[in-house]
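Read the numbers this way: they start at 1 and go in the same order the structure lists the ligands and their atoms.
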Amino acid sequence: MNLTVHPGGPLRGCVRVLGDKSISHRALLLAALADGDSHIANFLPSGDCLATLACVRALGVDVTSIPSALLRAGPGPSPYEGTAFVVHGRGLHGLRPPAAPLDCARSGTTMRLLAGILAGQPFSSTLTGDRQLLRRPMRRIAEPLRSMGAEIETAGGHAPLTIRGRRLHGHEHTLAVASAQVKSALLLAGLYADGPTTIRQPGPARDHTERMLAAMEANVQVTSLAVTLSPLSSPLAPLSLSIPGDISSAAFPLVAAALVPGSEVTVEGVGVNPTRTGLLDVLRTMRADVTLHHEREQGNEPVADMTVRASELRGVEVGGDTVVRMIDEFPVLAVAATQAHGPTVVRDAAELRVKETDRIAAIVAGLRALGARIEPLPDGFIVEGPTPLRGGVVDSYGDHRLAMALAVAGLIAEGEVVIKNAGCIGDSFPGFVELMRGLGAAMSITKAG
Ligand code: S3P
């Protein structure tokens with residue numbers, strides 16, 4: 001599938017985005033282990049999260065969906081609704097051996113978090129996925145899980161993963177990279193450990209797992225960059241939550257509004273967990289006109305409405321702890337940087353090289369094809385702006401965030417931009433094209449060929 005984007009007039013409107021992808025995965029996985037029924041609203045029905053749903057069901061967990069007619073993500077004007085489920089949790093020791101290898105599709109979060117759970121089961125299992133996922137590094141979870149007593153075989157550090165469940169022990173881990181997927185895998189394994197599990201992280205990776213475990217009455221202690229989970233003294237309590245809107249999806253219409261002259265866009269009900277809001281800090285440093293209103297709590301997470309109005313941007317330097325707080329937003333930040341006055345320099349972001357694609361190489365290739373002045377660095381990139389972008393044909397290489405970032409570039413280019421392999425947008429943001437069109441963007445999906 002290709003996405004064709006035409007430059008056009010201002011973007012205007014008030015929308016909602018679907019539930020946060022990271023929280024959707026965690027809600028299903030943890031609800032599966034709870035004692036009793038969990039109620040989850042505004043779940044993200046994207047390719048990645050549906051992979052987690054299929055795996056949870058394959059492990060014997062009954063998940064019933066609530067008819068969409070009964071649902072509204074909230075009182076906002078957008079028709080984009082999440083999905084609601086009742087997850088009939090089977091307790092920590094109630095999962096059943098899967099009949100076949102578990103297919104994680106293109107979802108790294110599914111694979112890494114499930115590996116933590118499966119390491120402590122009294123049965124063996126295999127985790128596999130699409131070619132793209134089979135290229136991503138898995139030693140980062142296999143090694144620390146082994147130090148808890150897990151038996152995991154990788155294929156040269158990659159999936160498929162063969163896991164023979166074991167009784168696990170507590171361990172103190174010091175992570176080399178600030179990765180919430182690794183941290184979460186170890187916390188989930190820690191639920192099956194006979195002693196405390198401590199994880200020290202080099203930076204503030206997203207803390208949704210810790211928050212959800214605390215809401216389920218697990219004994220989690222967080223001090224600065226360390227987390228400790230102690231063995232449970234009672235079963236995990238079921239969840240009842242409405243998942244906040246995904247800030248990593250909201251980033252696309254919001255950055256588009258910052259760039260397209262005359263725009264003003266509000267996204268309601270977006271999660272503003274401080275471990276996720278690096279992009280807002282960076283946009284403000286770039287002098288973007290960003291306002292947050294109606295800050296509140298939803299499902300143990302902070303939430304707000306956000307408005308962005310178009311403004312002149314200036315270049316920015318991004319590095320250090322901010323990087324992990326916006327790790328998924330660099331493709332769209334690179335697009336913003338092409339329109340900012342002065343250089344934008346991103347460093348300390350080598351992790352971008354092991355995402356769905358090598359996001360440094362992929363965004364450099366895509367934006368150069370549209371006339372941007374962007375240079376790769378081993379751990380980031382440098383963009384010189386402002387540069388007018390031209391139309392052209394670019395490739396997402398099957399990376400959803402690349403596809404959407406290039407679509408934002410298309411809105412400010414001087415000609416038509418065609419993004420090849422755009423079907424992957426559904427991995428994290430089903431309804432992206434419709435939402436953007438509702439704001440006034442001219443884009444359409446066409447069959448490749
Ligand atoms: C995620 C963590 C991040 C992020 C990914 C989702 C999560 O990955 O890039 O999109 O849900 O824990 P890493 O943990 O590999 O940094």
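Residues Asp37 and His88 bring a donor and an acceptor atom of their side chains to less than 3.5 Å of each other. The closest side-chain donor-acceptor pair between Ser22 and His208, if any, does not fall under 3.5 angstrom.
Protein heavy atom closest to atom 1 (C) of ligand 1, with residue, atom name and distance, is Gln181 NE2, 3.6 Å. With hydrogens left out, the protein atom closest to atom 11 (O) of ligand 1 is Ser22 OG, 2.7 Å, a heavy atom. Atom 12 (O) of ligand 1 has as its closest protein heavy atom Arg26 NH2, 2.6 Å.
Taking a 4.0 Å cut-off on heavy atoms, His25 fails to register as neighbouring ligand 1.
Atoms of ligand 1 lying under 4.0 Å from any heavy atom of Ala180, numbered from 1 in the order shown and given with element: 12 (O), 14 (O). Counting the atoms of ligand 1 from 1 in the order shown, those under 4.0 Å from a heavy atom of Asp328 are 4 (C), 5 (C), 9 (O), 10 (O).
For the side chain to side chain contact (heavy atoms under 4.5 Å, CB included) with Ser184, the qualifying choice from Arg26, Met212, Arg112, His25 is Arg26, the only one to do so. With Ile141 as the partner, the side chain to side chain contact (heavy atoms under 4.5 Å, CB included) test is satisfied by one option alone out of Leu113, Leu161, Ile152, Thr154: Leu161.
Contact annotation: for His208 versus ligand 1, there are no heavy atoms closer than 4.0 Å.
At under 3.5 Å, a nitrogen or oxygen of Ser179, whether backbone or side chain, sits near a nitrogen or oxygen of ligand 1.
Using a 4.5 Å heavy-atom cutoff, the side chains of Arg211 and Glu301 are in contact.
Ion pairing between Asp48 and Arg106 fails under the 4.0 Å rule for side-chain N and carboxylate O. Taking 4.0 Å as the cut-off between side-chain N and carboxylate O, Asp207 and Arg276 do not count as a salt-bridged pair.
Proximity annotation for atom 16 (O) of ligand 1: of Glu356, Arg401, Lys355, Glu329, Lys355 comes nearest, heavy atoms only.
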